[in-house]
Amino acid sequence: MSPVLILYYSRHGSTKRLADAIAQGVSMENVPVILRTVASLNKEDDGEAAHNALAPVVSIQELEQCSALALGSPTRFGNMAASMKHFLDSTSNLWLKGSLIDKPACVFTSSSSMHGGQESTLLSMMLPLLHHGMVLCGLPYSEPELHNTISGGSPYGVTHVANHNLAHANQLSPDEKALCIAQGKRLAKFARQLSQKDTSEI
Ligand SMILES: Cc1cc2nc3c(=O)[nH]c(=O)nc-3n(C[C@H](O)[C@H](O)[C@H](O)COP(=O)(O)O)c2cc1C
């Protein structure tokens, strides 16, 4: 089976922590997973990112061949980072070929404040994936942490609040981490099911 691709942009490492925890969930389903990042448009970001041992930069072939996609970006002014949008804007050949149609996908983000635009960022990342024909999967409220979290986590996708007033500013809270693992498992299950199906029957 082709790997699940976890593709993220991260400057200070919070979005990377979400990516790593989602990968853990995918692996728990015995589904192969690869972590990748996108090139930065911003020189300032390069210096910061160098400290965080980010994943290798993704290739278009890796995106084309994935069985599922988890797409993550920090919240920047209530939207995804420009570097991620720039990468997505380079995927029109895959759109023309329909390479991503019927593949499952989820989205994730980190922001510094609780109400600083996480949900708008998640929704903004869903739009290009819907244009690609991907099948979006969030998180159901059967996940208990979705009811209990006092920081990140939403039905639209997993999140982290990196507010320094919170006890877990530099790491995921236990609820955020549990939701990442649940999201990874859910994405992996859909990837397995959809890759076995003739999607013309759906
Ligand atoms: C240009 C810029 C814009 C940002 N905009 C927001 C924002 O709209 N809301 C918010 O809560 N945090 C905002 N932040 C803070 C980041 O979302 C936050 O630090 C995030 O956790 C960074 O993720 P990273 O550690 O993966 O780089 C912004 C940061 C930058 C550099």
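Counting starts at 1 for both ligands and their atoms, following the listed order.
Atoms of ligand 1 lying under 4.0 Å from any heavy atom of Phe77, numbered from 1 in the order shown and given with element: 1 (C), 3 (C), 4 (C), 5 (N), 6 (C), 7 (C), 8 (O). With ligand atoms numbered from 1 in the order given, ligand 1 contributes 17 (O), 20 (C), 21 (O) to contacts under 4.0 Å with heavy atoms of Ser110. Those atoms of ligand 1 that come under 4.0 Å of a heavy atom in Ser113, given as number and element, are 10 (C), 11 (O). Annotation for ligand 1: atoms under 4.0 Å from non-hydrogen atoms of Gly78 are 8 (O). Listed by number with element, the atoms of ligand 1 under 4.0 Å from a non-hydrogen atom of Gly116 are 7 (C), 8 (O), 9 (N), 10 (C), 11 (O). Close contacts of ligand 1 with Ala162, meaning ligand atoms under 4.0 Å from a residue heavy atom, involve 21 (O). When each atom of ligand 1 is checked for a heavy atom of Arg11 under 4.0 Å away, the hits are 24 (P), 26 (O), 27 (O), 31 (C).
Using a 4.0 Å heavy-atom cutoff, Gly117 is absent from the residues neighbouring ligand 1.
Inclusion of Pro74 in the set of residues having an N or O under 3.5 Å from an N or O of ligand 1 is not warranted. At a 3.5 angstrom cut-off on N or O pairs, Lys16 does not count as close to ligand 1.
The environment of Lys177 atom NZ is sparse: at most 12 non-hydrogen atoms of other residues, nucleotides or ligands sit within 6.0 angstrom.
Although no hydrogens or angles enter the test, the distance criterion places no donor-acceptor pair under 3.5 Å between the side chain of Thr91 and the main chain of Leu94. In this structure, the side chain of Ser195 does not engage the main chain of Ser67 through any donor-acceptor pair within 3.5 Å. Without hydrogens or angle criteria, Ser73 side chain to Ala81 main chain gives a donor-acceptor distance under 3.5 Å.
The nearest non-hydrogen atom to atom 30 (C) of ligand 1, considering only Met114, Arg76, Gln118, comes from Arg76. Of the candidates Leu18, Thr15, Thr159, Thr75, Thr75 brings a heavy atom nearest to atom 17 (O) of ligand 1.
Both the backbone and the side chain of Ser14 come within contact range of ligand 1, each with a heavy atom under 4.0 Å.
The two residues Ser110 and Thr15 make their nearest non-hydrogen contact at CB-OG1, 3.8 Å. A pairwise comparison of heavy atoms in Pro128 and Met80 identifies CG-CE, 4.3 Å as the closest pair.
Here Arg36 contributes atom CZ and Ser59 contributes atom OG; the two are 7.5 Å apart, rounded to the nearest 0.5 Å.
In this model, no donor atom of one side chain and acceptor atom of the other lie less than 3.5 Å apart for Thr75 and Ser111. Defined by atom type and a distance below 3.5 Å, a donor-acceptor pair is missing between the side-chain atoms of Gln65 and Ser2.
Regarding atom 15 (C) of ligand 1, its nearest protein heavy-atom neighbour is Ser112 OG, 3.7 Å.
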